[in-house]
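For reference, the structure is listed below as structure tokens.
For reference, positions follow the sequence shown, starting with 1. Side chains included, hydrogens not; waters and symmetry mates left out as well; all remaining heavy atoms used.
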Amino acid sequence: MGLVDIPPDIFVNTRLSYLLDLSGNDLETIPSNLFSSNPSGHDLHLLVLSGNKLTEILPGTFRKLHSLKELYLDGNKITELPQGMLMGTRLQLLYIFHNKINRLPDSLFDQPTGNNTLTTVFAQGNPISELSTTFLSGIVDWGNVVMSCDNVTVWRSVQNVLVECVPKDFLMEMNTTSPGLHDSLSMRGFICQSGTEGFFRFFSCVACYVGTYGVSDYCVKCPKGGFYQDEVGQYPRQGYENGCKHCNAGNYVPFEGGSSPLDCKVCPDGTDRERNASYRACFCVDKYFRRDRFNTCELCPPIGANCSGDALRIRRGYYWNWAFSDIDRYRNFVENLATRNASYNRSASSFGQPLPWIHTCPKPLTCENNDDILGSCKEGYTGWMCASCADGFFTILGFCRQCPDVLVFVVEIALILLIVILLMIYVVFVHRRQSGQTGRSIVDVALARGKIILGFYQVMGEFWGSISAIYWQEVFQNVAYLISMIQLDISAVLVKPSCFFPFLDFNPYVEFIIGVATPPTIIIAGGMCLLVNEMKATLLSYYQNTSIDPARKRLADKILTLVFLGLFVTYPSTCNVIFALFKPACVVFPLDENKINNVTLLRPDYSINCSTTTHSSFETAAYASSFYVLAFPGILLCLLLKFSRGSLESPVWLRFLSENYRPRFWFWEIIELVRKVSQTLIIVVYGWDSTLSVIVTLVIAVVFLMLHASFTPMKDRFEHYLQLASLWAIFLNMLVASVPAPNDEDSTDATNVIGALLVFLNLVVLGIALGKPLMLAVKALASYQILRKATNLIMRRSLEHRSLELQINVDCSDVYRPSTSTPLLNAQ
């Protein structure tokens with residue numbers, strides 16, 4: 001900001017000579033005694049007061065400036081000139097253009113005389129409505145007045161004075177030999193060129209044309225946006241970025257160099273027409289964005305987009321891919337939109353390429369998008385929709401956990417193996433104690449309840465691994481780890497191939513090969529064991545000339561039990577790896593907003609492209625392997641039918657399939673297999689994104705829940721309620737997950753409540769299953785402690801009693817024992 005006021009005695013001890021330039025300040029008035037306070041007077045020839053905020057000139061202000069020849073009052077807000085303003089001066093040139101003067105005074109001097117020296121008055125750009133003869137008489141013969149005549153209603157002329165009416169865009173030329181005045185004019189909307197005439201150097205300055213303004217001896221066009229300039233010789237005032245006028249709110253000029261208010265056009269659709277346009281075609285209204293700084297604003301996409309600041313950015317929980325658009329150019333465009341002054345980059349004012357399509361991330365918390373233009377994944381995640389694990393992380397049900405140290409890995413395996421060994425020892429110990437007893441053995445109970453727990457977590461594992469989960473917080477990653485352990489997902493939990501074998505890529509192709517190879521491997525291994533057992537028994541019978549040992553049959557039954565149990569346990573996982581390669585599991589994702597470029601990816605693993613010949617081969621193999629999905633339960637059904645309804649005794653190796661069911665529900669385990677496979681089929685192949693998948697899966701859950709509750713097929717009451725609880729938990733998990741996620745990122749209360757509910761539902765079955773054994777163990781331990789205390793007490797009392805009797809006997813023998821030295825006894 002420049003000078004606002006000036007002390008009247010500032011020049012009392014200073015004699016001004018030739019030029020005083022006070023232009024470009026914020027002076028609102030000039031003290032009337034400013035130039036008369038010095039007793040010696042001044043020798044000013046040029047006084048420049050242009051470009052201030054003067055509204056009036058006080059009478060007598062210039063009366064002591066006897067040498068004044070040129071006075072510059074242009075570019076102020078003067079409304080009236082005082083009578084006799086130039087009295088006492090020898091002024092020749094008066095510049096009062098671009099003010100607000102409505103009427104010129106009768107005389108600028110004391111009174112019109114033949115000694116007046118004023119030759120030229122530049123008064124254009126003022127709304128002058130009356131021109132008096134007296135005023136013109138104060139100008140020398142053949143002098144001239146340059147003015148705008150549009151508003152003149154009273155016209156009087158003098159014969160020997162030329163009145164020149166000029167338009168608004170009149171280009172005024174000013175010549176001077178003063179370098180100081182040249183500098184002043186070049187800063188006030190004039191372009192100056194120097195020249196020589198004889199031995200003298202002069203400057204010819206021309207006002208900048210309409211549509212432009214002057215900056216440091218250059219004329220600059222008014223920028224596109226809310227600016228125009230319909231006057232010549234303009235320049236930036238204090239506090240303004242440019243020397244242009246502003247269009248009305250909601251209007252803008254679509255080109256550079258707007259020279260009239262008529263150039264201001266209504267801002268395009270989607271813009272805020274109640275604000276000034278500034279350096280764009282008005283700002284966008286809320287929830288709108290633009291692709292061009294000077295074009296329309298578009299409605300923000302309905303999901304995943306943040307359209308603040310006129311730009312489209314991606315929100316947390318969503319993903320887009322820039323494979324077919326220039327991300328660097330778009331970033332420059334967005335950053336350029338944030339620039340709201342004239343320094344914005346003209347070459348980056350638009351983005352003409354299609355924007356990427358916005359996708360919802362399967363696990364929203366993995367798409368952090370700290371970079372809201374490119375998009376970014378949470379630590380440990382990478383790839384398409386942040387669904388893959390980065391180096392140094394391994395996957396558990398779609399979550400990425402950091403790989404442990406080798407020591408932690410070894411300790412973890414040791415603890416798990418120790419727990420398994422202890423459980424096996426416990427089962428074997430109890431089983432041997434129960435030998436010879438009637439009723440169910442510990443093995444039967446463990447298998448029956450283990451089937452329920454395993455079946456529940458096999459379904460829930462695939463469900464949470466495939467769902468577009470919304471409520472998974474950090475605590476769920478620990479739950480997912482537990483679920484994978486219960487699922488017997490050895491490759492993920494124990495081996496962690498991506499951590500310790502990074503060169504191995506356990507993608508759906510590798511899992512498919514392992515999955516379809518597992519059943520024949522189990523069968524071949526069991527067959528070899530049976531063959532060896534048979535050969536051993538035959539050889540022993542031949543060489544020892546004995547009959548075949550009955551232990552051979554018991555061992556064969558155990559081998560067949562392990563074979564069928566292994567096939568039964570791995571059957572759902574084998575089906576899932578087959579389903580994962582079916583054609584409906586491939587999803588088409590648009591890459592751009594016009595859906596011209598698309599990519600087809602496999603839902604279980606987005607790193608696999610379904611359009612390759614490799615995938616076509618695996619897809620064909622998956623359909624060919626589907627016979628196992630139907631063959632295995634069909635064979636089990638035929639075997640159960642043969643031994644359950646015929647006269648033949650059911651073999652030991654089929655006992656685990658029907659032992660826990662009532663006799664008339666011998667087939668129910670096959671129904672359970674169908675339930676598990678049908679639910680995971682819908683989830684794996686069709687995902688959880690479609691309404692049809694949600695409805696079908698919920699219907700299946702409800703149907704089997706009603707069947708189990710209605711028929712109560714299980715013999716054991718506890719196992720019945722355990723199975724019922726698992727079916728309820730599956731149904732409620734799916735029901736809760738079908739509820740739309742809260743869109744408000746701040747709605748943590750609802751998220752935490754739903755998260756706690758899901759944790760409870762996923763652990764309730766395991767809690768019920770382990771609750772009863774733990775209670776029995778506690779009771780047994782307590783009973784053992786009571787029994788031990790009672791035994792110790794009895795033994796201690798018995799010992800005390802025996803000790804007392806012994807002491808009494810000893811005392812009695814001392815009293816009544818006869819002495820060998822007594823004469824009587826000797827005589828006897």
Side-chain angles (χ1 to χ4, degrees), residues 303-306 313-323 327-328 331 334 356 358-409 411-412 461 464-485 489 491-508 589 601-608 741-748 751-752 754-756 758-759:
I303 60 169
N306 174 17
R313 299 176 177 86
I314 191 167
R315 291 172 53 195
R316 184 179 182 183
Y318 297 88
Y319 176 85
W320 60 8
N321 185 278
W322 286 88
I327 176 64
D328 293 330
R331 187 185 299 277
V334 173
I358 299 177
H359 306 275
T360 303
C361 289
K363 303 289 188 294
L365 295 180
T366 64
C367 299
E368 286 189 336
N369 294 330
N370 294 325
D371 182 348
D372 57 5
I373 296 178
L374 175 62
S376 57
C377 299
K378 186 179 180 180
E379 182 184 6
Y381 296 84
T382 187
W384 179 266
M385 291 202 290
C386 301
S388 301
C389 292
D391 294 339
F393 290 78
F394 70 100
T395 180
I396 292 292
L397 296 185
F399 292 103
C400 296
R401 294 176 64 94
Q402 191 167 11
C403 293
D405 296 333
V406 177
L407 180 60
V408 176
F409 172 65
V411 172
E412 183 182 66
W464 286 117
S466 303
I467 193 174
S468 296
I470 321 102
Y471 307 114
W472 285 93
Q473 303 292 338
E474 190 69 23
V475 64
F476 277 95
Q477 299 187 25
N478 301 321
V479 176
Y481 191 75
L482 177 63
I483 292 175
S484 291
M485 291 174 58
D489 192 353
S491 65
V493 179
L494 296 184
V495 181
K496 301 180 179 66
S498 59
C499 292
F500 302 99
F501 308 97
F503 56 90
L504 295 178
D505 184 13
F506 275 73
N507 57 34
F589 294 99
L601 303 178
L602 191 66
R603 181 182 286 107
D605 188 344
Y606 290 135
S607 64
I608 293 180
N743 293 324
D744 186 4
E745 295 180 357
D746 297 328
S747 57
T748 55
T751 301
N752 292 334
I754 295 176
L758 292 178
V759 170

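Under the side chain to side chain contact (heavy atoms under 4.5 Å, CB included) criterion, N321 pairs with Y319, A323, W384, L591, sequence neighbours left out. By the side chain to side chain donor-acceptor pair (under 3.5 Å) test, N370 is found to be paired with E368, residues two or more places apart in sequence or in another chain being considered. The salt bridge (charged side-chain N to carboxylate O under 4.0 Å, His left out) test applied to D605 returns no partner, not counting sequence neighbours.
For the pair R315 and N369, the tightest heavy-atom approach, listed with the atom from each and the gap, is O-ND2, 2.6 Å. In this structure, I608 and P508 approach most closely via the heavy-atom pair CD1-CD, 3.4 Å. A pairwise comparison of heavy atoms in T360 and Y318 identifies OG1-CE2, 3.4 Å as the closest pair.
On the SG-SG cut-off of under 2.5 Å, C367 and C361 qualify. Cysteines C389 and C400 have SG atoms closer than 2.5 angstrom.
A distance-only check finds a donor-acceptor pair linking the side chain of W322 to the backbone of I373 [under 3.5 Å].
Considering only heavy atoms from C-beta on, Y381 stays 4.5 Å or farther from K363 through its side chain. Put simply, the side chain of R316 reaches to within 4.5 Å of the side chain of L365, judged on heavy atoms. In this structure, the side chains of P362 and M385 come closer than 4.5 Å at one or more pairs of heavy atoms.
R313 CZ to I358 CD1: the interatomic distance, rounded to the nearest 0.5 Å, is 12.5 Å.
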